[in-house]
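Everything on this sheet refers to the single structure shown next.
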Amino acid sequence: MSQKLYQKLTSDKPFFIVGPCVMESMDLLHTVAKELIAIKNQLGVEIIFKSSFDKANRTSASAKRGPGLEEGKEWLHEIKTTYNLPVTTDVHESYQPKLLEDVIDIMQIPAFLCRQTDLLLAAAETGKIVNIKKAQFLSGEDMLYPSQKVVQAGNNQVMLTERGNMYGYNNLIVDFRNIPDMLQHGFPVIMDCTHSVQRPGGAGGKTGGNREFVPGMAMAAKAFGANGYFIETHPNPDEAWSDGPNQVFLKDLKGLIKKLAE
């Protein structure tokens with residue numbers, strides 16, 4: 001499954017990693033997955049379902065984090081089997097990939113953790129695709145070294161994700177030259193269209209954002225040669241547990257994907 005999926009994702013057709021930021025409820029996951037499978041069938045695009053079982057790097061200690069690994073794994077398995085969608089989620093600690101490998105198709109390494117050697121090796125050893133998000137403090141050229149850790153562990157199925165750089169307090173800036181710089185490493189490059197419009201910690205103890213800029217970020221990434229697009233979505237983003245200000249309304253998702261797939 002992993003190798004076949006990677007072959008699809010390294011073709012000339014764009015692909016999409018999409019879902020709600022955090023697993024708030026099984027109902028939410030089904031609501032989003034139903035829309036994703038409809039879009040996939042209507043537009044003929046490859047879609048991977050994404051949601052996090054634990055938002056481990058929240059701004060505030062009081063912020064909701066998700067159902068945890070065991071229940072989150074069950075929820076992702078239900079989505080995968082019900083809708084025949086590949087699934088991905090963040091892994092934060094080196095013991096987690098092994099526990100998730102029988103369900104997860106893509107191991108996602110969070111940006112803050114992209115240089116954590118033990119985590120990268122544990123993800124690589126599952127034989128699954130490893131999507132490494134570029135840290136807010138690294139360049140596209142720097143991402144050669146995290147990717148090499150995975151490859152040297154015997155896994156060539158690597159993807160790299162651009163998500164902006166921190167140049168000042170509570171704001172991110174995207175240098176789109178990072179996309180061709182990462183493409184030179186020989187792996188598919190994804191644009192994180194929603195986290196790149198975050199304003200980290202900029203909303204009084206939580207992260208703010210500007211979802212109105214998401215389509216522009218996505219189209220600019222397309223112009224710079226991105227292979228895939230990471231888009232978090234929610235039926236009611238303003239009520240989302242995490243990253244609401246930068247999540248795309250579910251009702252607007254099809255139009256955005258259609259533009260990117262043209």
Side-chain angles (χ1 to χ4, degrees), residues 9 12-22 28 31-52 85 88 108 111 131 133-134 136 140 159-168 170-183 188-200 202-203 206-262:
L9 303 186
D12 293 333
K13 297 181 67 175
F15 60 90
F16 301 86
I17 299 176
V18 190
C21 181
V22 63
L28 172 64
T31 296
V32 174
K34 287 175 183 176
E35 180 64 15
L36 296 187
I37 201 67
I39 292 171
K40 177 178 180 177
N41 292 336
Q42 291 167 19
L43 300 182
V45 294
E46 189 67 36
I47 295 179
I48 299 96
F49 183 91
K50 179 270 169 188
S51 196
S52 295
L85 283 170
T88 185
Q108 182 165 286
N131 177 24
K133 301 188 77 171
K134 182 181 72 62
Q136 297 89 331
M159 302 193 300
L160 302 175
T161 295
E162 166 61 32
R163 54 100 69 241
N165 284 81
M166 185 73 74
Y167 286 109
N170 306 131
N171 207 353
L172 293 169
I173 300 295
V174 177
D175 181 350
F176 288 97
R177 294 174 296 182
N178 283 322
I179 294 174
D181 284 347
M182 288 194 288
L183 285 169
V189 173
I190 301 161
M191 179 66 202
D192 186 336
C193 307
T194 45
H195 287 105
S196 60
V197 300
Q198 278 183 335
R199 291 186 177 272
K206 60 182 179 180
T207 291
N210 297 96
R211 76 172 66 92
E212 66 270 23
F213 298 140
V214 170
M217 289 288 186
M219 294 305 292
K222 180 179 180 180
F224 274 84
N227 305 107
Y229 304 89
F230 180 104
I231 304 169
E232 289 190 331
T233 187
H234 195 285
N236 301 295
D238 293 331
E239 299 177 7
W241 287 5
S242 174
D243 279 343
N246 47 271
Q247 291 196 68
V248 172
F249 279 93
L250 187 60
K251 64 181 178 61
D252 297 330
L253 183 64
K254 180 181 175 182
L256 177 56
I257 289 180
K258 184 176 181 181
K259 287 183 180 179
L260 295 169
E262 289 175 347

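Remember, predicted model here, so these are calculated numbers, not experimental data. Just so you know, these numbers use all the heavy atoms, side chains as well, and skip hydrogens, waters and symmetry mates.
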Can you tell me how far CE of M159 sits from CD of Q108, rounded to the nearest 0.5 angstrom?
8.0 Å
How many angstroms lie between atom CZ of F224 and atom CE of M182, to the nearest 0.5 angstrom?
12.5 Å
Testing D192, V22, T194, V18 for side-chain contact (heavy atoms from CB on, under 4.5 Å) with E232, which one passes?
T194
Looking only at heavy atoms, the pair that brings C21 and S242 closest together is SG-OG, 3.3 Å
For residues I17 and I190, report the shortest heavy-atom separation together with the two atoms involved.
CD1-CD1, 3.8 Å
Can you list the residues that meet the side chain to side chain donor-acceptor pair (under 3.5 Å) rule with D238, with sequence neighbours excluded?
R211
If I take atom CG from residue L36 and atom CG from residue L85, how far apart are they, to the nearest 0.5 angstrom?
6.5 Å
Strictly distance-based, threshold 3.5 Å: is any side-chain N or O of T88 a donor or acceptor partner for the main-chain N or O of K50?
no
If you measure from NZ on K134 to CZ on R163, what distance do you get to the nearest 0.5 Å?
8.5 Å
Suppose we screen for side chain to side chain donor-acceptor pair (under 3.5 Å). Which residues come up paired with T161, at least two apart in sequence or across chains?
N131
A220 and F176: which non-hydrogen atoms are nearest, and at how many Å?
CB-CZ, 3.5 Å
Please name all residues satisfying side-chain contact (heavy atoms from CB on, under 4.5 Å) with E262, sequence neighbours left out, ordered by chain then number.
K222, K258
Counterpart residues, side chain to side chain donor-acceptor pair (under 3.5 Å), relative to E239 (two or more places apart)
none
Quick check against the 3.5 Å criterion: does K133 have a side-chain atom that pairs as donor or acceptor with the backbone of L160?
no
Pairwise side chain to side chain donor-acceptor pair (under 3.5 Å) hits with a residue in residues 33-48, at least two apart
Q42-K254
E212 to P215 - nearest heavy-atom pair and separation:
O-CD, 3.7 Å
Considering all heavy atoms of both residues, which atom of V45 and which atom of I39 are nearest to each other, and what is their separation?
CG2-O, 4.4 Å
Please list, chain by chain and in numerical order, all residues satisfying side-chain contact (heavy atoms from CB on, under 4.5 Å) with S196, sequence neighbours excluded.
V174, M191, M217
Taking ring-ring contact (aromatic ring centres under 6.0 Å, His included) as the definition, give me every residue that meets it alongside Y229, ordered by chain and number, with sequence neighbours left out.
F16
Which residues share a salt bridge (charged side-chain N to carboxylate O under 4.0 Å, His left out) with D175, sequence neighbours left out
R177
side-chain contact (heavy atoms from CB on, under 4.5 Å) against P235, all qualifying residues, sequence neighbours excluded:
L28, T31, V32, L250
Can you list everything that forms a side-chain contact (heavy atoms from CB on, under 4.5 Å) with D252? Sequence neighbours excluded, please.
V248, F249
Atom pair CG (N165) and CG (N171), whose distance is rounded to the nearest 0.5 Å
11.5 Å
Closest non-hydrogen atoms of P188 and N227, given as atom of the first, atom of the second and distance, are CA-OD1, 3.3 Å
ring-ring contact (aromatic ring centres under 6.0 Å, His included) filter on H195, not counting sequence neighbours, yields F230
